[in-house]
J.: 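First the structure, which I've put down as structure tokens, then a few questions once you've had a look.
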Amino acid sequence: NFAERSEEQVSGAKVIAQALKTQDVEYIFGIVGIPVTEIAIAAQQLGIKYIGMRNEQAACYAASAIGYLTSRPGVCLVVSGPGLIHALGGMANANMNCWPLLVIGGSSERNQETMGAFQEFPQVEACRLYTKFSARPSSIEAIPFVIEKAVRSSIYGRPGACYVDIPADFVNLQVNVNSIKYMERCMSPPISMAETSAVCTAASVIRNAKQPLLIIGKGAAYAHAEESIKKLVEQYKLPFLPTPMGKGVVPDNHPYCVGAARSRALQFADVIVLFGARLNWILHFGLPPRYQPDVKFIQVDICAEELGNNVKPAVTLLGNIHAVTKQLLEELDKTPWQYPPESKWWKTLREKMKSNEAASKELASKKSLPMNYYTVFYHVQEQLPRDCFVVSEGANTMDIGRTVLQNYLPRHRLDAGTFGTMGVGLGFAIAAAVVAKDRSPGQWIICVEGDSAFGFSGMEVETICRYNLPIILLVVNNNGIYQGFDTDTWKEMLKFQDATAVVPPMCLLPNSHYEQVMTAFGGKGYFVQTPEELQKSLRQSLADTTKPSLINIMIEPQATRKAQDFHWLTRSNM
Ligand code: ADP
Ligand code: MG
């Protein structure tokens, strides 16, 4: 009866959990401790999935990948002070990638503030630099309001990270149930379209292009624009180039994909349409010598401030990529036209693709041992399931791997991204695995790691085994960051001197048996040195759907990528 109900109390932890549930949060990644344990338990009781990780940084990477993969933010739940600080890396990475994310941090008790409380830190201020929105609810009653606002801010406009601070004393505080009003689930972002006149101009610039190029970025993947962009490519026979995470929006093996002639395509295109890709370091800022000085850029983006960055665009199309692409299709459809398949431009691109592909095939066919990168990736590609997720990080491992490993589906590649972050791999793989288990069971997550990159979050292998996730880790092991040494050189080096005096900073312990990290937790581990061993271990890993695996692949410690026309991606790390 009503009199009884009005007496009913609810804890702050339960209010937080219910507010998250109401906002359709499906997954929380975190590490529990004072004061957030009760929040995790309350959330799990409401049916929100909780994945306990081993470091907040990896937890935050995982939560951010949920946002990219599902269009609603994943939550990263952390304790106060150091817990929150560990999560900053994930927040920065999410914000740089324009991925939605919600971090919830416990913080010290309000009545101990400025007194040197346990793990006290100015968390709301600290997060400001890494987020679009950072706030602490003023009362338990305000929690649903602030959580709705954080979820909404994370997905509206340019997506990004948000932070909500929860003082420890909120967690167990009891309030009357009737005093809490839950906000309605925030709607998906409103769809905005570009100005009609700009669409007309863009269509005419495309029609008049001599050497057109479409660049498909991860913004297009996030916008679910695969259907409209594929139509644009095919209907008008336009060459396209995916950015690293734009791979798969249109399949890599599509005849109009010019990924294998990347530098050539960028350098000589006279009209470039950018679908959700910024002209940052990854695209060489849109400037000569990597581009023609008078190349006409057509920028499609949801963020007005992005338009005009580094170049003066010929046309700007502000809006949702899928909606804007449909506008473009409609406009182009008005006059029959297609880009001539026999053009000199297509010929140039096809020739360059052929010679680049031949060069990497030749490297791949080398029989010498230890193997080189190309040999490894060609053998992996042969067995890669078409619908798998590819997660990758490491310098050469990621850069060479990207050119050989194919993506056929959108949002199925996750890597170091805009921020060039090493250490994201295992968190991303775990996120992809929990999403795949729920939405597309049977899909594998193939996580291709350099040995250095693997080290950043190697203990997450325990997380992978605890939840028995469908992940195959490939550690491409060259005993170092960029390059390493073989065992003999190593021994020679240490003969007369202490390791700290002589071991080059890029060296890691040669011949490390990373596969034993996996076997330590009950997964399967393989140590492979030959193409045959690689083929066999990968076949076995893919055949056994009951366990995760780690294949430790020894390669030539001094192996590099093939000669480049331009020194493209320079990284400071692995
Ligand atoms: P890449 O690394 O693939 O080049 P970027 O991260 O540089 O991609 O660029 C992605 C762009 O996509 C960002 O500028 C972002 O504002 C934009 N974006 C994100 N979501 C949408 C959307 N739904 N519609 C249009 N643009 C979007
Ligand atoms: Mg290495």
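As the structure lists them, so they are numbered: ligands from 1, and atoms in each ligand from 1. None of the values given here were measured: they were computed from a predicted structure.
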J.: Could you tell me, atom by atom, which parts of ligand 1 come under 4.0 Å of a heavy atom of Cys303?
T.: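 Selected atoms, number and element: 16 (O).
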J.: With the Mg ion (ligand 2) at the centre, find the angle made by O from Gly480 and OD1 from Asn478, to 10°.
T.: 90°
J.: Show which atoms of ligand 1 fall inside a sub-4.0 Å distance from at least one heavy-atom site of Gly276.
T.: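 Listed by number with element, the hits are 8 (O), 9 (O), 10 (C), 11 (C), 12 (O).
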J.: If you have a sec, work out which protein heavy atom is nearest atom 3 (O) of ligand 1 and how many Å separate them, to one decimal?
T.: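 In this structure, atom 3 (O) of ligand 1 has Thr243 OG1, 2.5 Å as its nearest protein heavy atom.
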J.: Show the atoms of ligand 1 that are less than 4.0 angstrom away from any heavy atom in Tyr222.
T.: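 So the atoms of ligand 1 that pass are 20 (N).
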J.: Hey, could you give me the NZ/OG1 distance between Lys367 and Thr530, rounded to the nearest 0.5 Å?
T.: 12.0 Å
J.: Once you measure the plane-to-plane angle for Phe240 and His254, does it fall in the parallel (<30°), tilted (30-60°) or perpendicular (>60°) bin?
T.: perpendicular
J.: Any side-chain donor-acceptor pair under 3.5 Å between Thr418 and Asn97?
T.: yes
J.: Establish, from distance only, whether the side-chain atoms of Asn93 and Thr421 form a donor-acceptor pair under 3.5 Å.
T.: yes
J.: Would you find a donor on one side and an acceptor on the other, under 3.5 Å apart, between the side chain of Gln211 and the backbone of Phe268?
T.: yes
J.: For ligand 1, find out whether one of its N or O atoms is nearer than 3.5 Å to an N or O atom of Glu306.
T.: no
J.: Using a 3.5 Å distance criterion without hydrogens, assess whether the side chain of Thr243 forms a donor-acceptor pair with backbone atoms of Gly246.
T.: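 It does hold such a pair.
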J.: How far is atom 15 (C) of ligand 1 from its nearest protein heavy atom, and which residue and atom is that?
T.: Asp301 OD1, 3.4 Å
J.: Could you check whether any side-chain N or O of Ser512 sits under 3.5 Å from a backbone N or O of Tyr514, counting only pairs where one atom can act as donor and the other as acceptor?
T.: no
J.: Is any N, O or S atom of Asn396 under 2.8 Å away from the Mg ion (ligand 2)?
T.: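 No, outside the cut-off.
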J.: Give a yes/no verdict on whether any heavy atom in Arg158 is under 4.0 Å from an atom of ligand 1.
T.: yes
J.: Can you tell me if Glu460 uses its side chain to pair, donor with acceptor, with the backbone of Ala58 under 3.5 Å?
T.: no
J.: Check each heavy atom of Ile321 against ligand 1 and say whether those closer than 4.0 Å belong to the side chain, the backbone, both or neither.
T.: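 The part of Ile321 near ligand 1 is both the backbone and the side chain.
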J.: Run the numbers for me: atoms of ligand 1, each under 4.0 Å from some heavy atom of Gly319, listed by number.
T.: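 Heavy-atom distances to Gly319 below 4.0 Å select 24 (N), 25 (C).
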J.: At a threshold of 2.8 Å, where the distance has to be below it, does the Mg ion (ligand 2) have an N, O or S atom of Val476 nearby?
T.: no
J.: Calculate, to the nearest 0.5 Å, the distance between atoms CG and CZ belonging to Leu405 and Phe377 respectively.
T.: 6.0 Å
J.: Considering just N/O/S atoms, say which atom of Asp451 is closest to the Mg ion (ligand 2).
T.: OD1
J.: Return the closest protein heavy atom for atom 2 (O) of ligand 1 as residue, atom name and distance.
T.: Lys218 NZ, 2.7 Å
J.: For ligand 1, which is the ligand I care about here, please tell me if Leu283 has any N or O atom under 3.5 Å from one of the ligand's N or O atoms.
T.: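 No, since none of the N or O atoms of Leu283 sits under 3.5 Å from an N or O of ligand 1.
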J.: If you have a sec, work out which protein heavy atom is nearest atom 27 (C) of ligand 1 and how many Å separate them, to one decimal?
T.: Ile302 CG2, 3.5 Å
J.: State whether the side chain of Glu556 and the backbone N or O of Gln558 hold a donor-acceptor pair below 3.5 Å, judged by distance alone.
T.: yes
J.: Just by modelled atom types, is the Pro557 backbone N or O under 3.5 Å from a matching donor or acceptor in the Asn479 side chain?
T.: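 It does not hold such a pair.
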J.: Suppose I only count heavy atoms of Ala223 and a 4.0 Å limit; which atoms of ligand 1 are within that range?
T.: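 Those of ligand 1 that fall under 4.0 Å from Ala223 are 22 (C), 23 (N).
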J.: Output the list of atoms in ligand 1 that are nearer than 4.0 Å to some heavy atom of Gly217, sorted by atom number.
T.: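 Going through ligand 1 atom by atom, the ones under 4.0 Å from Gly217 are 3 (O).
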J.: Distance to 0.1 Å, residue and atom name: give those for the protein heavy atom nearest to atom 12 (O) of ligand 1.
T.: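 Checked against all protein heavy atoms, atom 12 (O) of ligand 1 sits closest to Gly219 CA, 3.2 Å.
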J.: Does this structure show an ion pair linking Glu148 with Arg152, if we count only N-O contacts that are shorter than 4.0 Å?
T.: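 Arg152 and Glu148: salt-bridged.
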J.: Identify, for atom 5 (P) of ligand 1, the protein heavy atom at the shortest distance, and state residue, atom and that distance.
T.: Arg278 NE, 3.4 Å
J.: Short list, please: which atoms of ligand 1 are under 4.0 Å from a heavy atom of Asn320?
T.: 23 (N), 24 (N)
J.: Give a yes or no on whether Met493 atom CE has more than 12 heavy-atom contacts from other residues, nucleotides or ligands under 6.0 Å away.
T.: yes
